[in-house]
Visitor: 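Sending over a structure as structure tokens; questions will come in a sec.
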Amino acid sequence: MDRKEFADRLLKTEHDFEYYENLYPERDLDDKVIVTRYAPSPTGFVHLGALYAAFIARKMAKQTNGVFFLRIEDTDQKRSIEDGVNKIITDLANFDITFDEGVTLDGDKGNYGPYTQSERGDIYKAFAKKLIAEDKAYPCFCSQESLQEDRERQEKHKERIGYYGYYARCRNLSMEEALEKIENGEKYIIRLKSKGNFNHRFKFKDEIKGKMELPENDQDIVIIKSDGLPTYHFAHAVDDHLMRTTHVIRGDEWLSSIPVHVQLFEYLGFKVPKYAHISPITIEDNGTKRKLSKRKDPEAAISYYHEKGIPNKAVMLYLETVANSNFEMWMNQNKDKDVDEFVLDFKKMPVGGSLFDHDKLMNISKNYISTLKASEVYDMTLDWALVYDKDFASLLEKYKEYSTAIFNIEREQKKPRKDIGYFGDVKNQIWYMYDELFDPKEYEWQKVTDKKEIRNILDVYLNKYYNETDDKNTWFDNMKKAAVELGYAGEMREYKENPDNFKGSIADFSTVVRVSLTSKSNTPDLYEIMRLLGKERMMERVKAVI
RNA sequence: GGCCUGUUGGUCAAGUGGUUAAGAUGCCACCCUCUCAAGGUGGAGUCACGAGUUCAAUUCUCGUACAGGCUACCA
């Protein structure tokens, strides 16, 4: 019996590997063009780190007019959830992560599919057969129990753990012995027959991490599991070869699998792609850094940002600064340019992990929101409120013009207000502008607290000096006049020079008006607020104070 | 345990065999100002440690410590 026959007995396939090699020809692309992918398990959950990796991969491909495709890695059924793929696609689309090729909401797109691993069983088996025929792979009949025993023994003797050398028992089975076991109904998997030597090192260059030396792989790793599906390692090699991936961009937890992956590509006769291993986004936990964890850290889920009302765009800008820290500087120097013009560089990506910086995200978000038009802020706040604060949403809908005008205070100008960091905070900032919400528990009186004095200020100012039709300068001049009439300094300078000559300053005076109308000592421009409230509502609020 | 990777202000980081070691963010102060938010100016704060190479080391080499990742028929 020759090994080819042996391989046929072990794995049944419709086609052989040559068929598939021909089916997926090399892409006719320039050398510098990047073909890459995002390859999640269909868990339906998009981790911030995954979004980060997907963003980098997409941008790197786009920059070279390359190809970015989506492949679903569902070889482990335990990780799949219903509708998980669609969730991932729509979640990513919300962050402008779209694909040129691969799995879509309406099935596969592109000539290198299927793009879902569970639909590629025949392909993996065809290539596994090739390895078996070339004596580079073999069936293994070891039980989970005996593997476990080996591991315990290895641990006890302080040996390296794994299926290699002496412990790789099934690698020495003859074809006849193997077939006999199969006829007896013994279960088997397929393992790689590694000729690597752990004491030999080979040089490897990662696009991000740079040059390094790694030991050769000497483990007979599993390539086909007992369910007939490939392991990640084997599927990676076969898929990224047949899909003609030029750059494998993924998290750096894979870095230590490089010896296995390089070996797999070589044994299969494939050209090894370039690798870019992205360092993780970490978080501080009890004084140590660790990767953002889906279970422990709410920030790990992209839904977190949605809930808070942090714009997706701001999250992306933040991720881009993490990816290439010079991006921020570039943005400040090129305010008129589209951020897509910035060129990402593997070499500038962080090599260690980056701590998730909430302050920085907020700052970026605040700056981003400040560049939006009032109507955009209105739309985005409403979108948020529709999901997370229905009452507020109905107010926004009821008073659309009015609300937009509120958002327009000190906006749409050279140096716009920067007070909104996330839409979840908007209500806290402007609630007092809505009569339905205006029900102050306390007034934040500052210097002037005497009720009589307050009453006097309001009476004189509103009845004698306030005109609804005044422009801003006149309005302020009139307020100053009222202040002076009642013994307050009209100019801050005057007051600072001789504080004893006055009851207070124009600031103290205006604060009385501000607090009376809003209950808050800190608000945006008082003139705008008074204009928006209108005299009638102002008088009503004043009545409540007096 | 083994293998890999990393360590520059609180955080994100640029950078170099000789620099006053960028910048951002955060913090503090002051200025501006009707209060905020901004904006402006200034300030505090850093090359993990120990050897070696060198006239000179944050930078190169080795070691130590610490941190992270991997070490599955999971990805």
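Below, chain A is the first sequence line, B the second, and so on; all start at residue 1. Since the structure is predicted, the reported quantities are computational estimates derived from the model, not experimental observations.
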Visitor: On a whole-Å scale, what distance lies between the P atoms belonging to A51(B) and A13(B)?
Guide: 30 Å
Visitor: Under a 3.5 Å cut-off for both distances, is C3(B) Watson-Crick or wobble paired, and to whom?
Guide: G69(B)
Visitor: Do other residues, nucleotides or ligands put more than 12 heavy atoms under 6.0 Å from the NZ atom of K447(A)?
Guide: yes
Visitor: For a quick check of understanding: with a heavy-atom distance under 4.0 Å over all strands, which category does R160(A) fall into, base, sugar-phosphate or nothing?
Guide: sugar-phosphate
Visitor: Whether the side chain of S256(A) and the base of C4(B) hold a donor-acceptor pair under 3.5 Å is what I'd like checked.
Guide: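 Answer no: no donor N or O sits under 3.5 Å from an acceptor.
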Visitor: If we take the P atom in both G26(B) and G40(B), what is their distance in whole Å?
Guide: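 Looking at atom P only, G26(B) and G40(B) are 13 Å apart.
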Visitor: With sugar-phosphate meaning primed atoms plus P, OP1 and OP2, does I189(A) contact a base, only sugar-phosphate, or nothing at under 4.0 Å between heavy atoms?
Guide: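 If one applies the 4.0 Å heavy-atom cut-off, I189(A) turns out to touch a base.
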Visitor: Are H236(A) and Y275(A) an aromatic pair by the rule of ring centers under 6.0 Å?
Guide: yes
Visitor: Assess R191(A) against Y163(A): is NZ or CZ under 6.0 Å from the centre of the six-membered ring, and within 45 degrees of the ring's axis?
Guide: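 Judged by the rule (NZ or CZ under 6.0 Å from the ring centre, within 45° of its axis), R191(A) counts as positioned above Y163(A).
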Visitor: Looking at S354(A), I'd like to know whether one of its side-chain N or O atoms comes within less than 4.0 Å of OP1 or OP2 on A13(B).
Guide: yes
Visitor: What's M362(A) touching, base or sugar-phosphate or nothing? Going by heavy atoms closer than 4.0 Å.
Guide: nothing
Visitor: Report which part of the nucleic acid S41(A) touches: base, sugar-phosphate, or nothing (heavy-atom distance under 4.0 Å, all strands).
Guide: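 Answer is sugar-phosphate: S41(A) comes under 4.0 Å of backbone atoms only.
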Visitor: In whole angstrom, what separates I161(A)'s CD1 from C70(B)'s C1'?
Guide: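 Going from I161(A) (CD1) to C70(B) (C1'), I get 12 Å.
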Visitor: Carefully, step by step, assess F141(A) and Y188(A) under the rule ring pair (Phe, Tyr, Trp, His ring centres under 6.0 Å).
Guide: CA-CA 5 Å; F141(A) 300 88; Y188(A) 60 95; 5.7 Å; yes
Visitor: Taking the C1' atom in each of U25(B) and A38(B), what is the distance between them to the nearest angstrom?
Guide: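 Nearest-Å result for U25(B) against A38(B) at atom C1': 16 Å.
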Visitor: Taking the side chain of T511(A) as its heavy atoms from C-beta onward, which of U35(B), C74(B), G39(B) lies nearest to it?
Guide: U35(B)
Visitor: Counting only Watson-Crick pairs (N1-N3 plus N6-O4 or O6-N4) and G-U wobbles (N1-O2, O6-N3), all under 3.5 Å, who is the partner of G42(B)?
Guide: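 Its partner is C28(B).
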Visitor: With a 6.0 Å cut-off on the ring centroids, do F204(A) and H261(A) count as close?
Guide: no
Visitor: Do K348(A) side-chain and A14(B) base share a donor-acceptor contact under 3.5 Å?
Guide: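 Under the 3.5 Å cut-off, the side chain and the base do not form any donor-acceptor pair.
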Visitor: Begin with the C-alpha distance, continue with both residues' side-chain angles, and end with the deciding distance and a verdict on ring pair (Phe, Tyr, Trp, His ring centres under 6.0 Å) for Y52(A) and Y318(A).
Guide: CA-CA 10 Å; Y52(A) 177 56; Y318(A) 172 66; 8.8 Å; no
Visitor: In whole angstrom, what separates L147(A)'s CG from C74(B)'s C1'?
Guide: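 Roughly 16 Å, once rounded to whole Å.
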Visitor: With rounding to whole Å, what would you report as the distance between G50(B) and A65(B) at their C1' atoms?
Guide: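 Comparing C1' positions in G50(B) and A65(B) gives a spacing of 10 Å.
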Visitor: Looking at the side chain of N363(A), which of U25(B), A72(B), G39(B) is the nearest nucleotide?
Guide: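 Among the listed nucleotides, the one closest to the side chain of N363(A) is U25(B).
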Visitor: What is the nucleic acid contact for K415(A), judged by heavy atoms within less than 4.0 Å: base, sugar-phosphate only, or nothing?
Guide: sugar-phosphate
Visitor: Show your reasoning for whether salt bridge (charged side-chain N to carboxylate O under 4.0 Å, His left out) applies to K373(A) and E376(A).
Guide: CA-CA 5 Å; K373(A) 292 198 171 70; E376(A) 293 172 313; 5.2 Å; no
Visitor: With rounding to whole Å, what would you report as the distance between A22(B) and G45(B) at their C1' atoms?
Guide: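 Their C1' atoms lie roughly 16 Å apart.
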Visitor: Taking only the side-chain heavy atoms of K472(A) (C-beta and beyond), determine which of C34(B), G26(B), A72(B) contains the nearest atom.
Guide: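 So the nucleotide nearest the side chain must be C34(B).
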Visitor: Strictly under 6.0 Å, is that where the ring centroids of W254(A) and Y232(A) end up?
Guide: yes
Visitor: May I ask you to say what M492(A) touches in the nucleic acid, namely base, sugar-phosphate or nothing, with a heavy-atom cut-off under 4.0 Å?
Guide: sugar-phosphate
Visitor: Strictly below 4.0 Å: does K414(A) bring a side-chain N or O up to OP1 or OP2 of G39(B)?
Guide: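 For G39(B), neither OP1 nor OP2 has a side-chain N or O of K414(A) closer than 4.0 Å.
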Visitor: Heavy atoms only, 4.0 Å cut-off, all strands: where does P350(A) land among base, sugar-phosphate and nothing?
Guide: sugar-phosphate
Visitor: If pairing requires Watson-Crick or G-U wobble contacts with both distances under 3.5 Å, which nucleotide is the partner of U54(B)?
Guide: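 WC or wobble partner does not exist here.
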Visitor: Could one point to a donor on the side chain of R191(A) or the base of C73(B) with an acceptor on the other under 3.5 Å away?
Guide: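 By the distance-only test, no, there is no pair.
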Visitor: Could you let me know what U64(B) is paired to, Watson-Crick or G-U wobble, both distances under 3.5 Å, or none if it's on its own?
Guide: A48(B)
Visitor: Partner lookup for U59(B), please. Criteria are Watson-Crick or G-U wobble with both distances under 3.5 angstrom; report none if nothing qualifies.
Guide: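 Base-paired to nothing in any strand shown.
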Visitor: From CG of L372(A) over to C1' of A38(B), roughly how many Å is that when rounded to an integer?
Guide: 16 Å
Visitor: Base, sugar-phosphate or nothing for D357(A)? Non-hydrogen atoms, less than 4.0 Å.
Guide: base
Visitor: Identify which nucleotide among C73(B), A24(B), U35(B) has an atom closest to any side-chain atom of E328(A), counting heavy atoms from C-beta outward.
Guide: A24(B)
Visitor: Among C36(B), C34(B), G69(B), which nucleotide has an atom closest to any side-chain atom of S510(A)?
Guide: C34(B)
Visitor: Given Y488(A) and F502(A), is the ring pair (Phe, Tyr, Trp, His ring centres under 6.0 Å) satisfied, shown in steps?
Guide: CA-CA 5 Å; Y488(A) 293 79; F502(A) 306 96; 8.9 Å; no
Visitor: May I ask which nucleotide in the shown strands pairs with U20(B), Watson-Crick or G-U wobble, both distances under 3.5 Å?
Guide: none
Visitor: Starting from the 5' end of RNA chain B, give me the residue, G353(A) or F198(A), whose nearest nucleotide shows up first.
Guide: F198(A)
Visitor: Within the 3.5 Å criterion, strictly below it, is a donor on Y443(A) or S521(A) matched to an acceptor on the partner's side chain?
Guide: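 There is no such pair (donor and acceptor under 3.5 Å, judged by atom type) between the side chains of Y443(A) and S521(A).
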Visitor: When we call it a touch if two heavy atoms are under 4.0 Å apart, what does D419(A) touch: a base, just sugar-phosphate, or nothing?
Guide: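 If one applies the 4.0 Å heavy-atom cut-off, D419(A) turns out to touch the sugar-phosphate alone, with no base involved.
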Visitor: Establish, with yes or no, whether the OP1 or OP2 oxygen of A38(B) is under 4.0 angstrom from a side-chain nitrogen or oxygen of K366(A).
Guide: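 True: K366(A) side-chain N/O within range (under 4.0 Å) of A38(B) OP1/OP2.
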Visitor: Closest to the T75(A) side chain: A75(B), U35(B), G23(B)?
Guide: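 Per side-chain heavy atoms of T75(A), the pick is A75(B).
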Visitor: Taking 4.0 Å as the cut-off, does a side-chain nitrogen or oxygen of K225(A) come that near to OP1 or OP2 on A75(B)?
Guide: yes
Visitor: Assign Q144(A) to base, sugar-phosphate, or nothing according to its heavy-atom contacts below 4.0 angstrom with the strands shown.
Guide: base
Visitor: Side chain of F476(A), heavy atoms from C-beta onward: which of C34(B), A72(B), U25(B) has the nearest atom to it?
Guide: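 Comparing C34(B), A72(B), U25(B) against the side chain of F476(A), the answer is C34(B).
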Visitor: Whom does U35(B) pair with, Watson-Crick or G-U wobble, provided both distances fall under 3.5 Å?
Guide: none
Visitor: Which one, C4(B), C74(B), U11(B), comes nearest to the side chain of R201(A)?
Guide: C4(B)
Visitor: Classify D227(A) by what it touches in the nucleic acid, base, sugar-phosphate, or nothing, heavy-atom distance under 4.0 Å.
Guide: nothing
Visitor: Quantified in whole Å, what is the C1' atom distance between nucleotide A75(B) and nucleotide A37(B)?
Guide: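 Approximately 46 Å lies between the C1' atom of A75(B) and that of A37(B).
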Visitor: Is T523(A) touching bases, backbone alone, or none of the nucleic acid, heavy atoms closer than 4.0 Å?
Guide: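 Contact class for T523(A): base.
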Visitor: Quote, to the nearest angstrom, the C1' distance that separates G6(B) from G23(B).
Guide: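 Those two atoms are separated by 23 Å.
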Visitor: Looking only at the side chain of E410(A) (C-beta and beyond, no hydrogens), which of the listed nucleotides G69(B), U25(B), C36(B) gets closest?
Guide: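 Minimum distance to the E410(A) side chain belongs to C36(B).
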Visitor: How many Å lie between CD on Q333(A) and C1' on A22(B), as a whole number?
Guide: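 In whole Å, A22(B) C1' and Q333(A) CD are 12 Å from each other.
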Visitor: Looking only at the side chain of R417(A) (C-beta and beyond, no hydrogens), which of the listed nucleotides U5(B), C36(B), A38(B) gets closest?
Guide: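 Ranking U5(B), C36(B), A38(B) by closest atom to the R417(A) side chain puts C36(B) first.
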Visitor: Provide the distance between the two P atoms, one in C73(B) and one in G68(B), to the nearest whole Å.
Guide: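 About 25 Å, rounded to a whole number of Å.
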